[in-house]
Amino acid sequence: MIMSQALDPAPLFALIAKQVPEDLLKNILVVGSLAAAYHFREQLAGSGVNTKDADFVIYPAGAIAECRAIAERLLDLGWRRHKECYPQAQPVPEDDLRAIRLYPPDVDFYFIELLGFPELGQSKFKAWVPIELPDGWFGLPCFRYMGLTRFSVQTAAEGISYAAPSMMALANLLSHPEIGTATMSEPIGGRTLRRSAKDLGRVLGLTMLSDLDEVEAWPDQWEPALRETFPSECASLARTAGSGLRALLSDEDVLDEARHALNVGLLAGRNPTNEQLEAIGKQIIAFAIDPLADRFSSDSMRK
Amino acid sequence: MPRRTISAEQPGIRTTSAIVPAVRELIPHPAFSCHIKFKLQHSSLVAILETMEHSTTRGTAFDMEEAFGRLLGDEYRPTGSSRGSLYDFESRDQQTIIEFKASTMGARDLRASLLQLAIALHERPEVARAVLVTRLGNMGADRMKEELRRLEEILRVDLAQRLCVVAVTNDGTVLLPRADHELSHLERVAQDVLVRRSSKKTSALWTPKTFQIWLLLLDAWLRGDGPLPVGALGSGTGCSYPTVNATLERLSEYGEVMRSSSRGAAFKKFPKRSINEIMVLADSLRPATQYVDATGRPADTARLMRRIVAKAPKNVALGGVTSARHYTPDFDLNGIPRIDLTVKGSASFDWLEQVDPALRPADAADLRNGAPVLVIHSLDREEPRFDPASDDGLPFVGPAETLLDLYDLRLTVQAEEFVRALRGKMS
């Protein structure tokens with residue numbers, strides 16, 4: 001694992017704002033732990049976030065030319081490719097394509113990864129969109145539920161857009177309707193963790209950092225996002241949005257993996273306990289997930 | 001209560017200590033409480049010898065006498081059925097005799113006890129001193145000294161000079177004529193038996209039922225309602241007339257209650273003594289469940305209050321700081337340090353899950369680490385005397401319960417100001 005140092009989001013946002021052409025900034029949406037760290041920077045008291053990669057989603061879907069322009073611009077300014085970021089001669093097979101990962105100039109402890117926005121109706125959980133740079137073909141990973149993050153977009157002082165915690169929470173909830181067996185490619189804090197534990201743990205972390213009045217308002221944002229992004233599936237998605245989280249809360253081992261991921265990542269230094277996270281989980285279920293399902297219950301009855 | 005009579009003519013009933021087992025045989029039930037007086041004639045003097053309260057749940061005067069005897073040490077022995085009709089213990093060197101009385105209620109009892117010892121001194125000229133060891137129920141030290149002085153004026157000098165008293169009063173322990181080694185020893189034993197052990201007697205008065213009587217009286221006083229009919233005290237609390245009457249009598253002895261000619265009763269001033277007793281026993285008289293936020297987040301009582309008002313059932317009333325502000329809008333405190341609720345009747349708090357599923361009952365470690373965010377009191381009284389909210393929201397508990405919540409919150413200054421705001425003054 002790349003040993004990480006605490007990543008302060010504000011300077012990175014400032015760097016991006018400075019180095020990416022202004023007309024291309026509107027195509028960048030920061031997601032993941034960096035977005036969360038920026039949004040909650042006061043609660044986190046400037047402690048930064050332990051992450052090795054910053055996820056930059058290039059949107060809207062299909063903005064291939066804009067993505068290419070951003071990558072070429074950064075490379076021209078001295079950003080360096082990650083060792084796993086190497087070109088393929090052909091756009092297929094898609095599974096062989098490598099993601100675009102770039103280190104900032106003079107910085108080695110984190111990199112940015114460019115992601116793609118899913119097309120409306122994408123059914124695969126993860127799809128690869130080929131993108132050609134001057135030296136060959138790379139891939140933009142497009143996650144099915146990432147499309148939800150285009151709702152309630154937040155804007156940083158530096159002019160960079162980032163995903164709202166509410167929408168990242170919903171995307172992670174929907175991405176893991178069950179615990180599953182898939183693990184992270186590298187250990188986190190010395191432990192191999194299930195991906196679902198990390199991502200659902202992120203949901204708990206976002207809830208813990210949020211004001212509960214805001215959490216109660218999350219269904220107001222979730223409902224229109226679901227209806228517009230998944231018009232034919234929104235009711236069933238709303239009903240099952242909490243299934244993975246409920247499974248995590250009822251499994252002490254998986255809950256502990258989530259706790260570990262948070263202690264190393266978003267909530268580093270806060271040391272939440274399993275009991276505290278379980279209580280947080282009950283709150284988001286009671287205040288946001290169940291109310292979301294209730295809003296769609298009449299949809300199901302009409303069918 | 002059935003009347004039972006012990007005749008002084010009965011075989012074997014000739015001494016104080018023989019009365020006790022005889023009375024016990026008459027008691028039909030372990031929890032039976034009785035009040036016994038009897039007379040024995042001796043020469044030309046009539047003495048009221050014993051007033052005894054018997055309760056098997058809280059300890060007896062007889063038990064206290066036994067405990068006193070054990071703690072006296074080997075230098076003293078109980079007199080038992082020998083010449084102990086006038087005193088209970090004697091030093092082995094026969095220089096000191098001791099009469100132990102668990103409680104002396106009033107001047108008449110005190111005089112009787114002292115006269116009894118004076119008789120013993122007359123009959124035992126070799127005894128150096130006779131000591132009355134007792135707890136004075138409603139007599140202060142000065143009054144007790146005055147009574148002894150009056151008695152000494154009419155007694156023969158050699159009797160008066162040998163009379164001593166070790167008395168536990170509300171003002172502290174009094175040693176007469178003055179402290180010395182022996183009287184100080186008796187004082188320490190008396191403190192142990194009559195103060196520390198007999199504190200249980202205070203709780204014998206205050207049961208959950210009698211506490212409700214007291215609470216109704218306080219509520220009426222704070223509201224300025226005037227005397228409550230004794231019948232209303234009974235029906236409002238589910239207490240029998242004897243229980244109501246006994247409670248009112250005790251509060252009258254404290255000087256706190258006045259009885260009206262129309263069979264009503266009211267506090268005539270702020271009941272300082274009884275409220276101090278009650279606050280010591282608050283945990284048992286006013287059971288409560290304390291809750292903490294299991295998430296570890298800093299308490300947001302304002303938000304929690306909004307959730308409670310929106311989700312709680314209608315048998316839940318708001319107390320504490322919230323109700324204090326209802327009764328006294330100028331209540332001097334920022335924010336809500338803790339939410340106090342009172343729930344009438346139901347023992348189930350399942351609705352709390354709807355308010356916030358992160359709330360859980362506090363354990364000892366929680367309370368060591370910080371205050372609870374929510375306290376729920378249960379109210380088992382037919383008439384809750386809740387005040388309705390103006391906006392059809394949750395009602396408010398009465399001012400008496402509000403006051404107890406403030407004391408429980410250690411908001412003593414605000415509690416006193418609350419009383420002044422309602423009554424104009426503390427007395």
Side-chain angles (χ1 to χ4, degrees), chain A residues 40 42-45 165 169 200-220 242 245-246 248-250 252 255-256 258-259 262-263 266-294, chain B residues 289-313 316 318 321-322 334-341 343 348-376 391 393-394:
Chain A
F40 296 113
E42 288 185 13
Q43 288 97 310
L44 297 173
L200 292 173
R202 174 74 54 79
V203 174
L204 298 177
L206 294 171
T207 307
M208 187 174 234
L209 292 169
S210 296
D211 188 278
L212 280 178
D213 285 336
E214 292 176 351
V215 175
E216 282 191 78
W218 283 359
D220 294 336
L245 183 62
R246 285 184 164 95
L248 179 143
L249 295 177
S250 65
E252 195 65 28
L255 178 61
D256 194 68
R259 180 197 59 78
L262 285 169
N263 272 340
L266 183 61
L267 300 182
R270 287 184 161 226
N271 298 315
T273 64
N274 283 4
E275 186 203 12
Q276 288 171 342
L277 292 180
E278 186 179 353
I280 294 281
K282 288 179 180 177
Q283 284 184 326
I284 187 178
I285 289 172
F287 299 151
I289 295 174
D290 283 349
L292 176 70
D294 290 343
Chain B
T289 309
Q290 303 181 77
Y291 290 86
V292 293
D293 184 332
T295 66
R297 280 199 187 94
D300 184 348
T301 51
R303 181 186 175 279
L304 183 58
M305 178 62 77
R306 290 195 299 273
R307 297 278 308 175
I308 288 169
V309 170
K311 301 288 184 181
V316 174
L318 304 174
V321 171
T322 307
N334 287 330
I336 308 173
R338 177 184 92 186
I339 296 175
D340 285 82
L341 304 175
V343 179
S348 167
F349 301 151
D350 290 346
W351 49 270
L352 270 183
E353 190 79 10
Q354 303 298 315
V355 171
D356 192 334
L359 292 172
R360 67 160 172 77
D363 56 28
D366 293 323
L367 298 178
R368 278 196 298 274
N369 293 332
V373 65
L374 169 68
V375 175
I376 301 182
D391 57 357
L394 293 180

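Model, not experiment: these values are computed from the prediction.
Checked for salt-bridge contact, A:Asp211 and B:Arg303 miss the test: no charged N lies under 4.0 Å from a carboxylate O. Salt-bridge formation is detected for the pair A:Glu216/B:Arg307: a Lys NZ or Arg NE/NH1/NH2 atom is positioned less than 4.0 Å from an Asp or Glu carboxylate oxygen.
Of residues 279-289 of chain A, those residues lying under 4.5 Å from chain B by any heavy-atom pair are A:Ala279, A:Ile280, A:Lys282, A:Gln283, A:Ala286, A:Phe287.
When B:Ala358, B:Gly296, B:Ala294 are compared by the number of non-hydrogen pairs under 4.5 Å with chain A, B:Ala294 comes out ahead.
Residues B:Arg306 and A:Asp213 approach most closely at NH2-OD2, 2.7 Å, considering heavy atoms.
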